[in-house]
Structures are given as C-alpha cells and as structure tokens.
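Written out below as structure tokens is the structure these notes cover.
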Amino acid sequence: MKPHRSASPALALARTRLAFGVLAFSVSLVVLTVKLVDLGTLTRDRPPPTEKAVSEHPVERGDIVDRNGRLLATSVVSRALVAWPPQIDDVEAAAEQLSGALPWLSFEEARQRLSLKQKFVFVARRLTPRDQKAVLDLGLPGIGLESEDLRIYPHGQLTAHVVGRTKPSDGGPVGNAGAERRFNAILSDPTQSVQLSIDIRVQHVLREELARAVEHFSAIGGAGLATDIRTGEVLAMVSLPDFDPNRQAKTGEEYANRASLLVAEMGSTFKLLTLATALDRGVSRLTSRFDASAPIKAFGHRIGDYRGQNRVLSAAEVVVHSSNIGAARMAEKIGAETFKEVLDGLGLLSRPALELPEVGHPIVPRPWRPLTTMTVGFGHGLSVSPLQTASAIGALANDGVAVPVTLLRRSNPAPARRVFSSETSDKMRWMMRQVVLRGSGSRADNDAYPVGGKTGTAEKVVNGRYDRNKRLSSFVGVFPIGNPRYAIFVMLDEPKALKETYGFATAAWNAVPVAGAVIPRIGSMLGVPVAGPDSDAWMRRIVPDRLLDRLFKDEEA
Amino acid sequence: MSARTTFFWCIGAAAMAAGLFAVGDHVRDRKDRLAELNRLVLAERERIQVLRSELAFLTQPQTLEFQNARALGLVPIEADQLHRSSFLPARPASAPEPPRTGVRAGRDDDPNSGLPTEPSSRLSLALETGGRQ
C-alpha cells in the first residue's frame, strides 16, 4: 500500500506539471500566432529604422523683422548632398553617376569628396529641388541629402550693416556681425524673433539718395542716419559701400559700418553744441558779440575761418556763418570742465550703448588742454561717430532731453535725461532754422516739412596732418523743426568738387541736398503733418522780429 | 484549482491579451498618425517660410520701384504737392450761392455721397425706385 500511496501524489504532480507545460506551450503558440498575424497583415508600412536618405529638421534660427514686421533675415531649409564614404563600394562609379546627374559637379570634385577617409562628408550644398530629385533617383548607397539651415536676407545690401550676417558652424549658423551677432542668443531659438526699429521704407529712401550722391560726387563712401528723437529709435542706418550678406563681400572695407563704427572730427555741426552750452550755462546770449575779425593765434596754433566775415559777430552769426574763430572764443568762455560735462551728458565722450557690435569709441584727447576746448568748439580735436552726432543734435531739439539711441523697436518710453533747458532747446531750434533759412543749409529745406540743421565740413587727418583735399562733409537736420520729431544725418567721405558746385566740395553743396531729397520723401511715410502757411510763426515767439537786426548784420542792409 | 477555474483563467487571459493587442494596435495607429502630422506640419512650415521669403524678395522697395516704373509710372509726391485741408481758405460769407449742379456733397462713408440729387439719370432713377422702372 505504501508504494501505491506514494505513487498517487507523484502522478498528480506529473499531471499538474504536464497541464502547466501544455498551458505555457499553448499561450506561447497563441502569442506567436497573434504576432505573426500582426506582422503579416495588420502592421502598416513603417519606415525602416535605418538612416533615411533625406533627413528632416526644422529651421534653427529666428527671424529679424523691421518695425512694421517686414522680413529682414530669415532661415529656410536647404538640402545638402552628403555621403557616408565607408558605405560606398565603388567610389569611381558613384562619382561618375553623381557628376552625370549634377552637371555643375565635376567628376574629380565628386571623387575627391567621396574618397575622404571620414565617416561623413558634405559633397555639395544648396541643392535645387531638381538636383535633389536627380540624386535620389540614382539610389546610390552611402549617398543622401541632409537638411540644413540656409540664412537669407531678402533685402540684401539695403540692410547689410544693420542686420549683419552669419557664419556656418557645427551647431548651425552663428551671428558674425550686426544684429545677427548682437542678438545671437535670442535668434538661436527658432521660436524667437527680433524686431528692429528700422523702417525699411525710410532705409530705402536714405540709401538711394545717399548712393546717388556718393556716385555723383565720386566720394569713397557715405553714411546716413534717420532717428526718432523722442524715442531714440534708429529708423534708418546706411553705410556705403555696403555688401550683400547673401554673398561674400568683395573687400573688408565694405564690412565697415561708417554710421556707427567710424569716428572722426565732425567739424562745424559741433558749433550748435557750443552755442547751446553757452546759452544754457548763461555764458552767452544770442546777441552776445565775439570778435572774429582776425584769426586766433593760441598755444602755437592758428585758428581761422573758411570764408570769414572778418568782423565782430553775434553768437547767432557765429553759427550761421560757421565761424571757427567765434566758436573757439565761445568755447573758451564756457571753460573746459563745463564743456566736457555737457558733452558727456550728450554721450559724446563714451561709447554709445547701441545694440550693434560695430560701434566705435570716441577719441577723446588726453590730456584735455585749453586749446582742445577751443578746437572742440568748432568740431575738431574730438572724434565721434555719426550716430553720436545725430543723437546729440536730436537731444538739442528734443526739448533738451537726451534719449539713448536704440536699434530695437521701443514700446515703452526710454529712460531719458535732461541736458539743456526747454528755453535753450527752443533757441537752438530757432538757430538751426536760421542756418537753413539764411546759412549753408538752405538746400535741405522744403515747403511741407520745415527743416533746421547745421552743416559740417572737416578735413581728414592723413599721416597725422590735415589733408585739405580729403574732407568729410556732413549735415545734421531736424524736421519738422517747429515740432521736432525726426533727426537726419548725412555724411559723404571725400566728395569731389564739381563744375556745377563751382569748385566747392563743402557740405552745403553735396551733403545738404541729400537731406533735402530725403526729407520730403520720408515725411509722408512717417505721417508727419504737412506745414501750413506761416509755418515759421513759432520762431517769432522765441526771437521777436525786432531783435533780428541786432543779431544779423545783413538785416540792417 | 479546478479545471473550470483554469478554463476561466485561460479565457480571461486570452480576452486580456486580445484587449491589450487592440489597444496597442490603436496606439500604434495614433503614433503613426502623429508622426505623419508632425512631418506635414514641418513641411508646411517649411513651405510657408519659403513663401514669406519670396514675398519679401518680391516686395523689396527696389523691385516695387522697378515694377512701378515699368507698368505704372507713378512718381513720389513732391513737397509742394502736400497741403492740409484745414489750411484751405474759408469761403467768404458774402460769396454768391454756387449754381446747383445736381451733385450734393456727402461724407466719404455715405454710400450715396456725390450721387445726383434729382432723378435726372437712369442711374438715379434706378436707385430711388429700388431698380424698378
């Protein structure tokens, strides 16, 4: 009985094991059957998990747009012809087929690229859709298309110096100049974009008129700026010669931004600042007299006038006739410390905080000698950029309030600081208008948008000496001068004298007409109200007509 | 464990397996669809980007100027062409009443602005009679 009793549980155990074995086998069979059915009939065509012939990726860089949302720089996906050399069995045959499908790709070039001892190589970039199809139709193993960012600049040269350019890198395009470089961190996020303060319409008009003048006067270059003096926004910034950021520049000279990077002695435009400082600090009045009857000989130097009046001039006449002697005497009277304090307040002694890498440092004389004060009074001895000049003169007209310049569209008021009183600003607007009405700025005026401004013609320093034949001629203007809103700066680098300019190469003959052509064109674009009859009536509130004969000698005639 | 219990367990397991299979298949379908949609979105974005770039090229100020010169011949407004209506001199009070021309003044947003006041034409008749004559 004992064996029978012991065999029964063993049999039961065996049966149980058998049942579990059958169950496990059945479940496995069912699972395998189901998977087989799934793979054979239900599974859709999925791409194989191997490397695809055409890679896809989104653009990796954000857009740059102007103040009205017009595209200035964007990225599109382009396809590059790439190869994985270790996967290519017959390099010669592959190169021959590729050069046959792409007529612009030589057999030698293709063979050289495919023979490189690398895992992955770029054979060619920026393939057209037709080229892409030709490559895919070949179906060559180890050959494919790789997507990559292509940075394009729809306006090409028009915004070259502002927008800048990129250079390729392993991680995609990287900003190399201009806004591309300054805002590289933001633009590296494709969901972000940068809106500049530039108005492409104003930019176009300014560049067109400036380029015309550069060509007409055979200048080696030029610079132009248009700014909103109330917000500090730069509406247009032009530097010539320029370059097409879609292509490689021909010379390094084209990359230089003359509007913000170049620093030079600006000449007579500084006389406005000298007079404003003198008026504001109570050193002078418009009627004050300055002896400009003879050149000044001071500290071993001679300060003379270009076409001088050779008489005692009122402060107003010093500016209208652009007397270096009068301005030097005025600056001397102001004193170095006061003058430097005002120039610093206007941002002329430090690097402007514009959002561009290409911004020049002013060249401030050290030590600042007494002669420096006198020469800076008429715009020599202190080198600043056109951007700084436009900004300082803008502050002068903007009720004496300096607003930091910006290349970004401002939605909130910028922090501003008062440099001159409102009264001084009013007098200086009157003064700037007088320069246009009876001085060298007459060619900038028009009926619709009255202009005030000042010309400046400075000799360039070549090998440490002033060269009389190489000049920078400039004009800085504000319009509408009765209710100032916009500043415009025009500069020509080494303009030549022409027969029609009676042998003159000064700003009155070449830079001023550019402003005169630009202002009426951009005035309506910017929505500036047209001036009515007697648009200069505001001037009588500042300086009554009865005082004019005390201010200007020619009024007596 | 009785044979009946085992049978029900097997049925339950099979039902669960079938259910999981169905859910898995559905998820796979959704994932495929999502991948396809993502690919389409990417392609669509790429196309939009290219179109935006082309539009920017086509609306370059230089291009518009060229097309204008070729087809329209429009010229920029000269400064002396710009005036403000508020600076127009007012009509003198003693001025004689202008002769009736049959055209009335109206606001820009008035659809009948500038239309003849008297039914002196077929157009005005049609307007006043609602098109029935």
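Below, chains carry the letters A, B, ... as their sequence lines are ordered, and counting in each starts from 1.
Neither the backbone nor the side chain of A:I519 comes within less than 4.5 Å of any heavy atom of chain B. Contacts between A:E208 and chain B at a heavy-atom distance below 4.5 Å involve the side chain alone, from C-beta outward. For a residue to count as touching a neighbouring chain, one of its non-hydrogen atoms must lie under 4.5 Å from one of that chain's; by this rule A:Y449 touches chain B with the side chain only. At a 4.5 Å heavy-atom cutoff, the contact between A:I152 and chain B is made by side-chain atoms alone. For B:T59, the parts lying near chain A are the backbone and the side chain together; criterion is any non-hydrogen pair under 4.5 Å.
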Could you give me the CA-CA distance, side-chain angles and deciding distance for A:L158 and B:Q62, then say whether side-chain contact (heavy atoms from CB on, under 4.5 Å) is met? CA-CA 9 Å; A:L158 185 54; B:Q62 306 96 297; 4.1 Å; yes
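Note that CZ of A:R70 is 8.0 Å distant from CG of B:L55, once rounded to the nearest 0.5 Å.
The main-chain N or O of A:S75 is found under 3.5 Å from a side-chain atom of B:Q49 such that the two form a donor-acceptor pair.
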Between side-chain atoms of residues 14-30 of chain A and protein atoms elsewhere (two or more places apart, or another chain), which donor-acceptor pairs fall under 3.5 Å?
unit_1, atom_1, unit_2, atom_2, d
A:T16, OG1, A:A12, O, 2.8
A:S26, OG, A:V22, O, 2.7
A:S28, OG, A:A24, O, 2.8

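Taking non-hydrogen atoms and a 4.5 Å limit, the residue list of residues 10-20 of chain B in contact with chain A, ordered by number, reads B:C10.
Contact detail for A:V76 and B:S53: the closest heavy-atom pair is CG1-OG, 3.6 Å. Here the shortest heavy-atom pairing between B:P61 and A:H204 reads CB-CG, 3.3 Å.
Counting heavy-atom pairs closer than 4.5 Å to chain B, the top residue among A:V31, A:D63, A:V205 is A:D63. With chain B as the partner, the residue from A:T74, A:L72, A:D447, A:N446 showing the most heavy-atom pairs under 4.5 Å is A:T74.
A salt bridge between B:E65 and A:R201 is absent, with no side-chain N of the basic residue lying under 4.0 Å from a carboxylate O of the acidic one.
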